[in-house]
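We name chains A, B, ... by the order of the sequence lines, and we start the count at 1 in each one.
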Protein chains: 2
Amino acid sequence: MSQGTAKRGRSGGVSEARERLLGTATKIFYAEGIHSVGVDRIIAEAQVTRATLYRHFTGKEELVLAYLDVADRGIRSQVASAREGAGSPADEVRAVAAAIADGIRSPGFRGCAFLNAVAEYPDPAHPVHQAVLAHRQWFLETVTDLLAQAGHEPADEAGRHVVMLRDGAMAAGCLFDPELVCATFLRGVEGVLSRRAE
Amino acid sequence: MSQGTAKRGRSGGVSEARERLLGTATKIFYAEGIHSVGVDRIIAEAQVTRATLYRHFTGKEELVLAYLDVADRGIRSQVASAREGAGSPADEVRAVAAAIADGIRSPGFRGCAFLNAVAEYPDPAHPVHQAVLAHRQWFLETVTDLLAQAGHEPADEAGRHVVMLRDGAMAAGCLFDPELVCATFLRGVEGVLSRRAE
DNA sequence: AGCGAGGGAGAACGTTCGGTCTCCTTGCTA
DNA sequence: TAGCAAGGAGACCGAACGTTCTCCCTCGCT
């Protein structure tokens, strides 16, 4: 059908089939988990043949890694754009928290992609597990940095507190009433923000 | 070898092979996840034959349900014994939080069995998913009850706050330094306890 | 003494898994 | 115009999946 464009060899950007594959994998892995979906499901839903998958990825694991990379980029850009509109470091934290709450409230929310993934890959040596750790480290450092700029001392403790609230909110967001979860989360973050020293 | 005792038909309690099976399944499911381990692994490690598994359970799913039931009973008795030694409702909350922290610090801690399980069973209609919801509902009600007795108004919000901290601590406990996670968690619970009205 | 349940041993079921293979067509580019 | 990469279609692989089956042995009970 409409496959006349953008299927060039090495001149243009990424191939169309690859993007369809990665997009489908991202959607299905997030919605249904990783181990419970086979490559057959993904290639069928992406309308791609088996050979095409293995032409772009070395195997399922690389597809999983690419999925987490998509999620990572998405969250980083989401955090970046949330920070842009804020006036002060404290407001940046509020904006990031609001963005998280928006995600929890949005339809199709299935929890944190990274917490879900690490539940399926408990081995710390596994590349998927390490990708999760890397993402979490970045997020903790980002929040802690913001809190330090906002004058919190020690910022480490406050940063861990905010991340703990976020983890809890993301975990419960698809198991409880999302509205209540968001209210509790935002109130908790505001509480951390309002207590400079303990 | 020592299988002379306790293998009686219907007179005594549960069979020895069944307990070995359930114990092994509990250990492996918690440590490695559910979808990624097959029944072959479990029957081999439990030193039980294939037929024995299907004599006691209708299938793998029932074994998973039994595993979650073991986890549920364990946590309920852990909470009950923590509450016994406390003098006031607020101290009961502290004791429960301390018990949770002990779990996070203990070797082999792999996060919350229920949060891990629900990550692999996203379908809300699935029995495993519903077992997780039931356990979480009990825990939330228990904590909210305790906080209400301690004089919190509204206790609902405080209960959700404590559960959110617990979820975050359980999720991060096997991804960060458990000592720091516990410190942040206990401080957070103490913070909720110290603020009767917002 | 004999019945029946619990369990061990293991073959076999059909399905699905992740992964590799060949053959053919399309369309760009050198 | 010839070459070549991308992609489609589909056969095929060995392994693992969950499940069912038969056969036999060993107890505890009546």
Residues which pass salt bridge (charged side-chain N to carboxylate O under 4.0 Å, His left out) with [X], listed by chain and number, not counting sequence neighbours:
X	result
A:E62	none
B:R18	none
B:D156	none
A:D91	A:R94

Query raised in the report: Could you give all pairs that pass the ring pair (Phe, Tyr, Trp, His ring centres under 6.0 Å) test and reach residues 73-93 of chain A, with sequence neighbours left out?
Result: none

Query raised in the report: Which pairs count as ring pair (Phe, Tyr, Trp, His ring centres under 6.0 Å) when at least one residue sits in residues 80-99 of chain B, sequence neighbours excluded?
Result: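 Not a single pair qualifies under ring pair (Phe, Tyr, Trp, His ring centres under 6.0 Å).
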
Query raised in the report: What residues, two or more places apart in sequence or in another chain, satisfy ring-ring contact (aromatic ring centres under 6.0 Å, His included) together with B:F185?
Result: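 Testing B:F185 for ring-ring contact (aromatic ring centres under 6.0 Å, His included), a comparison that skips the adjacent residues, returns none.
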
Query raised in the report: With sequence neighbours left out, what residues match B:Y121 under ring-ring contact (aromatic ring centres under 6.0 Å, His included)?
Result: B:H35, B:H126

Report task. Specify the residues of residues 52-61 of chain B, ordered by number, for which at least one heavy atom lies under 4.0 angstrom from an atom of DNA chain D. Result ->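 Listed by number, they are B:Y54, B:G59, B:K60.
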
Query raised in the report: For DNA chain D, what residues of residues 116-132 of chain A have any heavy atom nearer than 4.0 Å?
Result: none

Report summary line: Ordered by number, residues from residues 35-43 of chain A within less than 4.0 Å of DNA chain C (heavy atoms) are A:V37, A:G38, A:V39, A:D40

Query raised in the report: Could you state the CZ-C1' distance from B:R50 to C:dC13, rounded to the nearest angstrom?
Result: 11 Å

Query raised in the report: Is A:S15 near enough to D:dG7 that one of its side-chain N or O atoms lies under 4.0 angstrom from OP1 or OP2?
Result: yes

Query raised in the report: Does atom CD of B:Q149 have more than 12 heavy-atom neighbours, drawn from other residues, nucleotides or ligands, at distances under 6.0 Å?
Result: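 Yes - once you tally the heavy atoms of other residues, nucleotides and ligands closer than 6.0 Å, there are more than 12.
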
Identify each donor-acceptor pair in which a side-chain atom of residues 98-111 of chain A lies under 3.5 Å from a protein atom, sequence neighbours left out, and give them as a table.
unit_1: A:R105; atom_1: NH1; unit_2: A:E179; atom_2: OE2; d: 3.3
unit_1: A:S106; atom_1: OG; unit_2: A:G103; atom_2: O; d: 2.7
unit_1: A:R110; atom_1: NH2; unit_2: B:P122; atom_2: O; d: 3.3

